[in-house]
Undergrad: 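I am attaching a structure below and will ask some questions about it afterwards.
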Amino acid sequence: MSRIGVFTCHCGENIGATVDCAKVAEMCKDIPGVAYSVDYKYMCSDPGQRMMQEAIKEHKLDGVVVAACSPRMHEPTFRRAVANAGVNPYMCEMANLREHCSWVHEKGEATTHKAADLIRVLVEKIKHNEPLFPIKVPVTRTAMVIGGGVGGIQVALDIANGGHKVVLVEKSPSIGGHMSQLSETFPTLDCSQCILTPRMVEAAQHPNITLMTYSEVEKVDGFIGNFKVTVRKKARKLDEKLCTGCGLCIQKCPNKKISDEFNEGLGTRTAIYVPFPQAVPNKPVIDTLNCTFYKTGKCKVCEKLCPTGAIRFEQEDELVTLDIGAIVLATGFKLMKTDVFPEYGYGKSKDIIDGMQFERLASASGPTSGVMKRPSDGKEPETVVFIACSGSRDRSKGVPYCSKICCMYTAKHAMLYKHKVHSGKAYVFYMDIRAAGKDYDEFVRRAIEEDDVKYIRGRVSKIYEEDGKLVVMGADTLMGGEPVEIRADMVVLATAVQSNEGSEELAQTLHVSYDTYGFFAEAHPKLRPVETNTAGIFLAGACQAPRDIPETVAQASGAAAKVVGLFSNDELTREPIVAVVNRLPAPAYSHCVGCFLCLSACPYQAIEQEEIKSRSGEVIKTLARINPGLCQGCGTCVATCRTKAIDLQGFSNEQIYAELMTL
Amino acid sequence: MAEPFEPKITAFVCNWCTYAGADLTGTSRIKYQSNVRVLRVPCTGRIDYMMVLKALHKGADGIIVSGCHPNDCHYTSGNYHARRRWMVFKKMMEVMGVDMRRITFSWVSAAEGARWAQLVNEVTDQVRALGPYSEFRQIVGAGIE
Amino acid sequence: MEALKQRAIELLEKGEVKAVLGYAKGTGQARRAFFARQPGQVDKLVLDEACTQNLAAYATKHEVKKLGRVAIVAPPATQRALIQLMAERQLRDGDLAILAVDEGAIKELGSAAALEEHLALKAQGLDAKDKTLLAKLDAMSREDRWAYWQNEFSRCMKCYACRNSCPMCYCEHCTMDCNRPQWVPVASHSIGNLEYHMVRTMHLAGRCVECGDCGRACPVGIPVHLLTISAEETVHELFGQRAGAKAKLDYALSTFKTDDKESFIR
Amino acid sequence: MANTYQLSRESLTSLFGALRKDGRRILAPVESDGRIGLGEVEAPAQVAGDYLQTIMSAKEVAFPKVERLLSYTITPGQVDLKDAEPKAAPTVLFGVRPCEAKAFGALDAVFNWDYRDKFFNARLEKLAVIGLSCTKADEACFCTSVGGGPADTAGSDILLTPVADGYLAEVLTEKGTAILNLASDLFKPGNGVDKVAVAAKVEAAFDQPALTAKLPGMFDSEVWVDQSLRCIGCGACAFVCPTCVCFDIQEEADPKQGERLRCWDSCGFHMFTLHASGHNPREVQSARWRQRIYHKFSYYPQRYDQLGCVGCGKCTRACPVDMNLKEHLTEAAGVTA
């Protein structure tokens, strides 16, 4: 027989004014299993808690119902108090007499009876409560950061500085990401490379950071604190240990006409190359698709010339499996291409470029060494039109969302252009100017007021080529929709920010959710913006949604803080409100039949397959197993399970059935 | 003189939205009828239809099942699973001839304190007007010699 | 028929299977399941209109699994049941030799993929009699439907013939046997019967292959198959999918679409 | 003590009237949706015309599928326990077949073995059986193989055998005499009709005493495995069986009240013998099938000196997978040990 204590709180007048608490306490004495029942002015006060603890000891109570306010308010308080009196905290339940009864009903018999009913339900529940203990999960204190852009670098540095090992995985040959391609950054116009390169070097040299460039995540198993990640190290065709980065191979490579990705196709590179001079690591890779040797079987100039003999034509991809405790996704974004705009000539004109191409034209390290030359003929453009919202906020392009960064970089581009071509004319077509951010609106105003950039509120309906000019046809909606026609030398489209290539596949590999646009989904849009629904996997930067640099860096530090927090203990402690699959003696082993209909019901991929084997290793039965490290306790699998093999601790079938039987 | 009929209403609500919404009704001091008895579960995904059947078995005249609005589930998708379950369950109950006017499915968010009060009042009034679910009560205890 | 017998003999003689599960003559005009375990027994196999039992119900039984690999004579509903059992991981691809029977034609299907492909070619239709009955039920008032089922269930004695004959009711521990807590009363009184049939129906929604065996199995003639069939049809109407079509699990009640359409949730 | 009379077909109406006037309800085979089942009737016209047997047996008249044994209420500090009183209305079971009438003896053996079951006895006491001899049989019938016959009198208080324009009525017991006395004018003196000539011809299929004698020696025979491979382990056979007597005690309760129920159970269910430890002494269906046969043909005779089977064939007709008891018993009887 249970010995349950019922403690009815008046909450001052809050409950006491409408519910006859003394009578409730009296009524509860008659419930079988209740060994003690009392009412008190303020249960949550120190004397109230002390009284409860003394009663627990004196009456040898093994369960407690506190009839007071909402459990969402004080359940932790009372569970702690009960635990301090030596009773398992999960043997305490709260009846919500205040929010669900006294505050919402009139004073009277019915309200007092309802209060007693609410307690009765929980007394019956508690008879079926079982002591529960926090779940401990061991943690491997090594983080993996996927994506080596500014976000990934920041995460890696913050975690590494927090004293934990980090593996930074980047798919291209160098870290640096999009930021390394930028010329200057808004709103300060400081040189992008100047501020980023030191961070890249710091990451490369940090004793806690292992760089894995030219590598991609292939497979992820396990769960929070205990992931097993398989990374494919793509063959650089080079012994990185021997290579000194002297660059001789690059100079002598005969194949020099390959379109350069780093320069967005505006420049060329060799078949053996580093993406850019400040690349980290500064070790080349051989582009096997373009290398003469791989195409014809002849050449090997680089091999002959390499002073350290580092070239390895026969090198293969390598698969490395790592034990990882937490993963941060910082895989960034891609820009929509200019060839999807029929109204702008499908990107056929070389002088209609996207924002990133403009960055390379404006960059001192770019193909024109920062001199404004339009791509078609190398002439200095006298008139440049910038079109914001190219593709963004446009349902017909499948991008109903705002790309967020374009308003700012378009203003920056116009300014950079004006700074380089003082006599030039810059026009910006825009829908709205969204410059919310510290010093952002001031920056846009500077472009308009100090640099004389002409802002026209309206859309461009058509661009066509005529006499070596690009005729931009638009409308100025602030002038009553008056048609505007500008004969430009170059047009820059601020194309939409989109989820990166392969992000959906990566999301599937990691079992994280993603939205319809391929951006990774946060666990909660407001309160858990850096977490995913898969415990132990976090997000930073534009892989989640369009973000600028400061936001990316801030989120990166946020994600790093989550990881460092996770790594602050040897074990991860979690609430024991989790689902469990029952286990029985042989020959049944469990009521689970292994149909795995529950598998897709779990929002957290917490359901695993467990094989029961005989001594000889033969599989006797395959069961579902819930990984307590991943389960969040929603109970959807419990309701799905036909055999009732799965149950939810804290809200078990027996507990709920007992509650129902009192009705 | 028989006492006027007061319906028994059982509500199954999720912890994060409707239970919190009902808490807000309280903090907002919005009054509603006291017939309802709330059972708290973590998520609508946890609400097994067996619970609804047991509530009917134990003489509930009306039932409320409520959780987070679609897209707002604390567990991201428990309510979507629940929604499918109710879609099939409702049809099954109709085929069996159960009076589905007595079972109300609803989404009440943590911010909808007033809506919770309104829902409870509407359901209570409607079920009071329908009278006791005697059709169902009659079969409880029947078939035993 | 001769082709079937010949193949059955071959399979047994070559040792590819330990038994051929088909139909044989039973009491009176009845047909019954028959395990031909030696080539000499193959002659007893029959195949005609009276062979209605869904033999897939045996595929998950311990005793049958212990025999070794079995060949199974499978009309369309049995084929659907077998693929659903594969989807629910109760059978592995290749566990059985499937002798698919479609309007007399025999085709041996070696793999889940072949079975899937074979099934994709066929339209699934309801029995005309069941259609009429379902329409009749549909046309009834709510009160009449209640009265109809209460009258039918009054004969139910929970012998579980409907459950045990169902190929999808393979659970060793049924919800009905769950006694902690005892969700559904064991007793075959009115509420116990009602809840049993409700739960059985819900458990088969999205899983029922519409073979109708539960209804045929009922010794007291309760048309319980109408319940599961109507639930399965509901799933089809609402979510556009059917049980017994794919070997990869796609259970309507543990998946969802964010835009699932309903109009009753307030 | 059989007193033989002649009862005209027309006189049944008056007999029914007299029985009802005496406060007895009459249960008889009736037809509904093509199914024959026991139902309450007022007049002979309501009795099904040409039936072989009811689907369900008549045992539920004395041993219902669910019956209340006790109930209780819990109030603060006390539990009020109430014994259930069996609802035993004076009943005449009209038109049941001799096999089923005989089956009451097998039930009686268990319910009054080491303990006199109040519920069963109360109902049986108020029960009078007017049996009706069979004039036809089907492939499932095997009464003659188990010591009965289509016109066997065992278990009937009055046995009617259809003869030209009426019935040969054998009044067999005191209960039968009491009925006769209610309407003695209807019972005309008998004329020595040979009822065996009228009754159905049911060939004996196997030698039951020989089978009973050999069963203890064939416990491990493969025949049980072979036969039961197609058994799906439902309870249809046991629930339609007039002699199957197994029950389960269930308690249905909430914190305020509860009741204890006796419900039919079946040894064919895998849960029937499942231990709490997880061990199941009859783990496979063949063991459960064997148990069913042994119980009726070996353990029953050992313990009660009678068989637990009357050869009615209801199980065979009800079985969804056509487990034919007669056929399987015949096969078992032919197994050389």
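Residue numbers begin at 1 in each chain, while the letters A, B, ... track the order of the sequences. Hydrogens, waters and symmetry mates play no part in the numbers below; they use all other heavy atoms, side chains included.
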Undergrad: Give the intermediate values and the outcome of side-chain contact (heavy atoms from CB on, under 4.5 Å) for residues B/M87 and C/I265.
TA: CA-CA 9 Å; B/M87 287 164 81; C/I265 306 183; 5.8 Å; no
Undergrad: Determine whether more than 12 heavy atoms belonging to other residues, nucleotides or ligands lie under 6.0 Å from atom CZ of C/R92.
TA: no
Undergrad: Tell me whether the guanidinium CZ or amine NZ of B/K90 lies under 6.0 angstrom from the six-membered ring centre of C/F264 and within 45° of its axis.
TA: yes
Undergrad: Does any backbone or side-chain atom of C/W149 lie under 4.5 Å from a heavy atom of chain B? Answer side chain, backbone, both or neither.
TA: side chain
Undergrad: Under 4.5 Å from any heavy atom of chain B, what part of C/A252 do you find: side chain, backbone, both or neither?
TA: both
Undergrad: Return yes when atom NZ of C/K61 has more than 12 non-hydrogen atoms of other residues, nucleotides or ligands closer than 6.0 Å, and no otherwise.
TA: yes
Undergrad: Less than 4.5 Å to any heavy atom of chain B: does that hold for the side chain of C/T255, its backbone, both, or neither?
TA: both
Undergrad: With a 4.5 angstrom heavy-atom cut-off, which part of C/K257 approaches chain B: side chain, backbone, both or neither?
TA: both
Undergrad: Is there a side-chain contact between C/P181 and B/K54, using heavy atoms and a 4.5 Å cut-off?
TA: no
Undergrad: Heavy atoms, side chains only, cut-off 4.5 Å: are C/F256 and B/R85 in contact?
TA: no
Undergrad: Per the side-chain contact (heavy atoms from CB on, under 4.5 Å) rule, which among C/D260, C/L238, C/V235 passes with B/R84?
TA: C/D260
Undergrad: Among C/A231, C/S254, C/A205, who wins on heavy-atom pairs under 4.5 Å with chain B?
TA: C/S254
Undergrad: Given heavy-atom pairs under 4.5 angstrom as the criterion, report whether the side chain, backbone, both or neither of C/L227 touches chain B.
TA: side chain
Undergrad: Could you tell me which portion of C/Y148 (side chain, backbone, both or neither) has an atom closer than 4.5 angstrom to a non-hydrogen atom of chain B?
TA: neither
Undergrad: Which bit of B/V65 is near chain C, if near means a heavy-atom gap under 4.5 Å: side chain, backbone, both or neither?
TA: neither
Undergrad: Specify which of C/R142, C/M198, C/K261, C/E262 makes the most heavy-atom pairs with chain B at under 4.5 Å.
TA: C/R142
Undergrad: Tell me, side chain or backbone of B/M93 under 4.5 Å from chain C's heavy atoms, or both, or neither?
TA: side chain
Undergrad: Heavy-atom cut-off 4.5 Å, strictly under: side chain, backbone, both or neither for B/R101 against chain C?
TA: side chain
Undergrad: Looking at chain B, which one of C/L226, C/V199, C/D138 has the largest number of heavy-atom pairs inside 4.5 Å, strictly under?
TA: C/V199
Undergrad: For B/M96 and C/T201, what are the C-alpha separation, side-chain angles and deciding distance, and is it a side-chain contact (heavy atoms from CB on, under 4.5 Å)?
TA: CA-CA 10 Å; B/M96 290 275 191; C/T201 307; 4.1 Å; yes
Undergrad: Looking at B/V88, B/I144, B/V108, which makes the most heavy-atom pairs under 4.5 Å with chain C?
TA: B/V88
Undergrad: Measuring heavy-atom distances to chain C, does B/D99 have an atom under 4.5 Å in its side chain, in its backbone, in both, or in neither?
TA: both
Undergrad: Quick one: does B/V123's side chain get under 4.5 Å of C/R266's, heavy atoms only?
TA: yes
Undergrad: Side chain, backbone, both or neither: which part of B/Y49 has an atom under 4.5 Å from a heavy atom of chain C?
TA: side chain
Undergrad: Let's test your reading of the structure: which of C/T175, C/L253, C/T258, C/N193 forms the most heavy-atom pairs below 4.5 Å with chain B?
TA: C/T258
Undergrad: Is the number of heavy atoms from other residues, nucleotides or ligands under 6.0 Å of C/E143 CD greater than 12?
TA: yes
Undergrad: Quick one: what part of B/L56 sits under 4.5 Å from any heavy atom of chain C, side chain, backbone, both or neither?
TA: neither
Undergrad: May I ask you to check whether over 12 heavy atoms, not counting those of C/K65, lie within 6.0 Å of atom NZ?
TA: yes
Undergrad: Within a 6.0 Å radius of atom NZ on B/K31, are there more than 12 heavy atoms belonging to other residues, nucleotides or ligands?
TA: yes
Undergrad: Is any side-chain heavy atom of B/M92 less than 4.5 Å from a side-chain heavy atom of C/M202?
TA: yes
Undergrad: Under the side-chain contact (heavy atoms from CB on, under 4.5 Å) criterion, do B/E135 and C/W146 qualify, and how do the steps go?
TA: CA-CA 9 Å; B/E135 200 178 40; C/W146 174 260; 3.2 Å; yes
Undergrad: I'd like to know which of B/G97, B/S106, B/G45, B/S77 tops the heavy-atom pair count under 4.5 Å against chain C.
TA: B/G97
Undergrad: Going through the distances and angles, do B/L53 and C/W183 end up as a side-chain contact (heavy atoms from CB on, under 4.5 Å)?
TA: CA-CA 9 Å; B/L53 298 184; C/W183 281 117; over 6 Å; no
Undergrad: Measure distances from C/S230 to the heavy atoms of chain B and classify the residue's part below 4.5 Å as side chain, backbone, both or neither.
TA: side chain
Undergrad: Identify the heavy atoms of B/I139 and C/S190 that sit nearest to each other, and give their distance.
TA: O-CB, 3.3 Å
Undergrad: Please find the pair of heavy atoms, one from C/T234 and one from B/K91, that lie closest to each other, and give the distance.
TA: OG1-CG, 3.1 Å
